[in-house]
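Have a look at the structure below, then the notes.
Here the structure is a predicted model, which means the values were calculated and not measured. Residue numbers run from 1 in the order of the sequence given.
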Amino acid sequence: MRFFKKKLSEKAAAYDIVLATFREEKNSWSTTYEALKESCAVLGHEFSVQKELTEPWFDLALAKIALSLRQIENLYDAEQAARIRSWVFKCIDDMYQIEKG
């Protein structure tokens, strides 16, 4: 049996990862919210979320992507890492425009 790897451009790979992260966080936000709320209650604190410019799940997705971006330099040479990071930022900007629009 032969397995073929689908070749993706850097742009397509960056967009796939960003979109999957946003989709995952948006779909799981209610569960995440309840878990954070319960954790704070156990510690005797009140948990609240303030809606600012974006939805809370959007901010959580950004944090997750930021942590992932820190690893790019360990996986790719500097030039390729910079191109991938640039595509990720472009996709995030596109998503932000859609979200706030």
Side-chain angles (χ1 to χ4, degrees):
M1 181 184 285
R2 292 179 132 181
F3 293 95
F4 296 97
K5 290 184 179 180
K6 181 180 175 185
K7 291 192 178 193
L8 293 175
S9 67
E10 291 170 351
K11 176 183 179 181
Y15 272 69
D16 284 352
I17 290 169
V18 170
L19 294 176
T21 303
F22 280 125
R23 191 177 313 112
E24 178 184 342
E25 294 309 320
K26 186 174 186 177
N27 291 339
S28 67
W29 172 247
S30 61
T31 305
T32 302
Y33 176 82
E34 289 303 320
L36 291 170
K37 191 175 169 182
E38 288 175 20
S39 297
C40 286
V42 168
L43 297 172
H45 299 285
E46 184 179 333
F47 179 74
S48 65
V49 175
Q50 296 176 354
K51 184 175 177 186
E52 295 181 6
L53 296 176
T54 59
E55 294 290 334
W57 63 264
F58 191 90
D59 296 335
L60 189 58
L62 289 176
K64 197 173 189 181
I65 292 167
L67 290 172
S68 298
L69 282 177
R70 297 187 73 194
Q71 300 305 316
I72 287 181
E73 285 81 15
N74 297 332
L75 301 171
Y76 303 101
D77 62 72
E79 186 178 308
Q80 187 174 17
R83 285 194 311 266
I84 293 169
R85 196 181 323 44
S86 177
W87 284 119
V88 167
F89 292 152
K90 172 70 173 118
C91 182
I92 290 170
D93 184 57
D94 291 348
M95 292 298 298
Y96 176 74
Q97 298 304 323
I98 291 169
E99 184 62 27
K100 80 171 193 175

Heavy-atom pair with the smallest gap, counting every atom of Arg70 and Glu73: O-OE1, 3.4 Å
Between CG on residue Asp16 and CG on residue Leu8, distance to nearest 0.5 Å: 6.0 Å
Donor-acceptor contact present, side-chain Ser9 to main-chain Ala12, <3.5 Å: yes
From CG (Asp94) to CZ (Phe89), nearest 0.5 Å: 13.5 Å
Connected via hydrophobic side-chain network under 4.5 Å: Trp29 and Tyr96: yes
CD1-CG distance between Ile17 and Leu69, expressed to the nearest 0.5 angstrom: 9.5 Å
Shortest non-hydrogen separation from Ile84 to Ala14 and the atoms involved: O-CB, 4.3 Å
Atom OH of Tyr76 with >12 non-hydrogen neighbours under 6.0 angstrom: no
Atom pair CG (Leu36) and CG (Leu60), whose distance is rounded to the nearest 0.5 Å: 8.0 Å
ILVMFWY network linking Leu62 to Trp57, side-chain heavy atoms under 4.5 angstrom: yes
CD on Glu34 to OG on Ser39, rounded to 0.5 Å: 11.0 Å
Phe22 and Phe58 aromatic ring geometry - parallel, tilted or perpendicular at 30°/60° bounds: parallel
Short side-chain to backbone donor-acceptor contact, Ser86 and Ala82, under 3.5 Å: no
Contact check, side chains of Tyr15 and Lys90, non-hydrogen atoms, under 4.5 Å: yes
Interatomic spacing from CD in Glu55 to CD in Glu25 - rounded to 0.5 Å: 13.5 Å
Shared hydrophobic cluster for Leu75 and Val88 (ILVMFWY, side-chain gaps under 4.5 Å): yes
